[in-house]
Amino acid sequence: MATYIVLLGPPGVGKGTQARILSETKKLAHISSGDLFRENLKNQTELGKLAKSFMDKGELVPDDVTIAMIKDRLSRPDCEAGAILDGFPRTPAQADALEAMLKNFSGSVDAVPYITAAESILIERASGRWTCRAQGHIYHEKFNPPQKDGVCDIDGSEVYQREDDKVETVTKRIRVYLEQTMPLVEYYRKAGKLIEVDGTRQVEQVTKTLFDALKE
Ligand code: ADP
Ligand code: ADP
């Protein structure tokens, strides 16, 4: 049966970084809702234009279009064995929709690692984040800089600072997270799927905690 893992946690905590590692190790597709929106933005699709108006303000894109986008992504062949979901679901309505979608593939959410860190750490991480233009590879100006300034180590494309990674927008996104996404912690705890992971330490240590927790 397919395996579906949802990474839950506030903006900047390290979900994308860990999702990439998990996806490579477990040979599961990595689905990042933020990356999908940014891809649409780059290709100037209608969805991209709509999403931009919310993303720039640090607000959530409406549930209906977000759910439709993920449904489409999950039905592609590379998700046959399952997926690591990064940044989706972010509201209870999205979580309900996800369960309904996965039923169609005779699956369900298997585990929900919930990565946490203090707000000051989130702001430091998100506001120093650099993102690769071509494929969304993630860097940090201090904690994980690319070897050559402004150039992605992996695909050689430009590395840029996301418009919504300015301190004011990051602060707003954390507030939106607390209001709209935090209810999912109880949602998945009640379902017996939540695994709390301390995201404070270095990437390798967080990865180890995450893998150990998933083994249990
Ligand atoms: P999220 O997807 O949760 O927003 P990211 O994985 O994009 O978070 O990480 C946010 C920023 O923090 C990036 O610049 C990344 O390089 C950096 N980062 C991620 N995990 C750690 C960590 N454990 N220690 C220090 N920096 C980290
Ligand atoms: P982060 O890595 O910091 O958590 P993301 O790249 O996941 O940020 O998301 C960036 C923006 O994309 C969000 O602020 C929001 O506007 C939009 N977005 C991403 N995922 C969702 C979602 N599941 N529901 C609604 N909006 C989303």
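Fair warning: this is a prediction, and the values are worked out from it, not measured in the lab. Each ligand, and each atom within it, is numbered from 1 in the order the structure gives. Because only heavy atoms are used, hydrogens play no part in the values below, and waters and symmetry mates are left out as well, while side chains stay in.
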Original post:
When you look for heavy atoms under 4.0 Å from ligand 1, do you find them on the side chain of Gln205, its backbone, both, or neither?
Top reply: neither
Subject >> Within reach of ligand 1, part of Pro10 (heavy-atom separation under 4.0 Å) >> reply: backbone
Students should be able to answer this: which protein heavy-atom is nearest to [atom], and at what distance?
atom                    : result
atom 2 (O) of ligand 1  : Gly16 N, 2.9 Å
atom 8 (O) of ligand 1  : Gly14 N, 3.1 Å
atom 6 (O) of ligand 1  : Thr17 OG1, 2.6 Å
atom 13 (C) of ligand 1 : Ile138 CG2, 3.5 Å
atom 27 (C) of ligand 2 : Phe37 CE1, 3.6 Å
atom 26 (N) of ligand 2 : Val61 N, 3.0 Å

Close side-chain approach of [X] and [Y], heavy atoms under 4.5 Å:
X      : Y      : value
Tyr139 : Cys152 : yes
Glu196 : Thr116 : no
Leu22  : Leu214 : yes
Gln18  : Thr207 : yes
Tyr4   : Leu98  : no

Can you confirm whether the side chains of [X] and [Y] place a donor and an acceptor under 3.5 Å from each other?
X      : Y      : value
Asp198 : Thr200 : yes
Asn40  : Thr45  : yes
Arg38  : Thr131 : no

**OP:** Establish, yes or no, whether the cationic atom of Lys190 lies under 6.0 Å from the six-membered ring centre of Tyr187 and within 45° of the ring axis.
**Re:** no
Original post:
Is any N or O atom of Arg90, backbone or side chain, closer than 3.5 Å to an N or O atom of ligand 2?
Top reply: yes
Original post:
Would you say Gly87 and ligand 2 have an N/O pair spaced under 3.5 Å apart?
Top reply: yes
Should one rank [options] by closest heavy-atom distance to [atom], which comes out on top?
atom                    : options                        : value
atom 7 (O) of ligand 1  : Arg129, Arg173, Gln18          : Arg129
atom 1 (P) of ligand 1  : Gln161, Lys15, Arg20, Glu141   : Lys15
atom 22 (C) of ligand 1 : Arg162, His140, Lys142, Arg125 : Arg125

In terms of side-chain geometry, is the basic nitrogen of [X] or [Y] positioned less than 4.0 Å from the acidic oxygen of its partner?
X      : Y      : result
Lys49  : Glu46  : yes
Asp78  : Arg76  : no
Arg173 : Asp165 : yes
Glu119 : Arg175 : no

Show the atoms of ligand 2 that are less than 4.0 angstrom away from any heavy atom in [X].
X      : answer
Gly12  : 3 (O)
Glu59  : 15 (C), 16 (O)
Ser33  : 19 (C), 20 (N), 21 (C), 23 (N)
Gln94  : 22 (C), 23 (N), 24 (N), 25 (C)
Arg38  : 6 (O), 10 (C)
Asp164 : 10 (C)
Thr66  : 22 (C), 23 (N), 24 (N), 25 (C)
Pro11  : 3 (O), 4 (O)

**OP:** Evaluate the criterion side-chain hydrogen bond (donor to acceptor under 3.5 Å, both in side chains) for residue pair Arg90 and Thr66; output intermediate values, then yes/no.
**Re:** CA-CA 10 Å; Arg90 259 177 159 95; Thr66 304; over 6 Å; no
Can you list the atoms of ligand 1 that are under 4.0 Å from a heavy atom of [X]?
X      : result
Phe143 : 25 (C), 26 (N)
Arg201 : 22 (C), 23 (N), 24 (N)
Tyr139 : 13 (C), 14 (O), 16 (O)

**OP:** Measure across Ser108 and Glu99 and return the closest heavy-atom pair with its distance rounded to 0.1 Å.
**Re:** CB-OE1, 3.4 Å
Original post:
Is the closest heavy atom of Ala126 to ligand 2 under 4.0 Å?
Top reply: no
Subject >> Any N or O of Val203 closer than 3.5 Å to N or O of ligand 1 >> reply: yes
